[in-house]
Amino acid sequence: MKSILILNGPNLNLLGHREPEIYGTDTTDDIEKTCILKAINLDVQITLSQSNIEGELVNIIQDARNKHDGIILNAGAYTHTSIAIMDAIIATQIPTVEVHISNIYHRESFRHVSYVGRAAIGQICGFGIMGYSLALEAITYHIS
Ligand code: DHK
């Protein structure tokens, strides 16, 4: 069975409380619940992880080698700044789908740049937490 890592970056542990007008009221528990249901449907295994620390995210991506067949990554604000996270995805060569809850292109111009996007297969943004289950479908399709 294929294994997918769902990895969230900084401040995404505050989902549900954080700027609900932008990120909605769904929590990370809701992401887990919807992804578990989708994973059963797609017959894949999922692991969820979150860190607020850039280096930890790099370590988690490196550790995903030989463990996971794909990554769904919302790197939060590091999306727009982190060459290290981009390099980790390229180095491990694990197919990665970039997710954002909000539509980053409707927001400040500094959010329009994505380093993660240079390494990812594709990007899903603007669909709230549904983006994670859409990404699960996309990555499963890609790796099968
Ligand atoms: C989440 C964040 O924390 C922001 O820094 C990004 C992203 C957008 C999201 O929409 O999920 O700019």
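Both counts, for ligands and for their atoms, begin at 1 and track the order of listing.
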Going from [atom1] on [X] to [atom2] on [Y], what distance comes out if it is rounded to the nearest 0.5 angstrom?
X     : Y      : atom1 : atom2 : value
Ile22 : Asn103 : CD1   : CG    : 12.0 Å
Ile36 : Leu48  : CD1   : CG    : 7.0 Å
Ile4  : Leu136 : CD1   : CG    : 6.5 Å

- Numbering as shown, the atoms of ligand 1 that approach Ser102 to under 4.0 Å (heavy-atom distance):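 The list of qualifying atoms is 8 (C), 9 (C), 10 (O).
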- Can you sort out which atoms of ligand 1 are near His80, meaning under 4.0 Å from one of its heavy atoms?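 The atoms of ligand 1 under 4.0 Å from a heavy atom of His80 are 6 (C), 12 (O).
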- Query: Any side-chain donor paired with an acceptor under 3.5 Å for Asn8 and Tyr132?
  - Reply: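 The answer is yes; a qualifying pair exists.
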- With distance as the sole criterion, is a donor-acceptor pair present between the side chains of Ser114 and Glu98 under 3.5 Å?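 Indeed, the side chains of Ser114 and Glu98 share at least one donor-acceptor pair under 3.5 Å.
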Any nitrogen or oxygen of [X] lying under 3.5 Å from a nitrogen or oxygen in ligand 1? Just yes or no.
X      : answer
Ile101 : yes
Ala77  : yes
Arg111 : yes

- Message: Can a donor-acceptor pair be found, under 3.5 Å and without considering hydrogens, that links the side chain of His112 to the backbone of Arg107?
- Response: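 Pair found, side chain donor or acceptor close to backbone of Arg107.
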- Message: Is there a side-chain contact between Asp26 and Thr34 in this structure, where contact means two heavy atoms from C-beta onward sitting under 4.5 Å apart?
- Response: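 A side-chain contact under 4.5 Å is absent here.
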- Tell me: protein heavy atom nearest atom 7 (C) of ligand 1, and distance?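 Protein heavy atom at minimum distance: His100 ND1, 3.6 Å.
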- Item | Protein heavy atom at shortest distance from atom 3 (O) of ligand 1 |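 The protein heavy atom lying closest is Arg18 NH2, 2.9 Å.
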- Task: Could you tell me if any non-hydrogen atom of Asn74 lies under 4.0 Å from any atom of ligand 1?
- Result: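 Right, Asn74 reaches ligand 1.
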- Does ligand 1 have an atom under 4.0 Å from some heavy atom of Tyr23?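 Within the 4.0 Å threshold, so yes.
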- Item | Proximity to ligand 1 by part of Ile22, non-hydrogen separation under 4.0 Å |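 Neither part.
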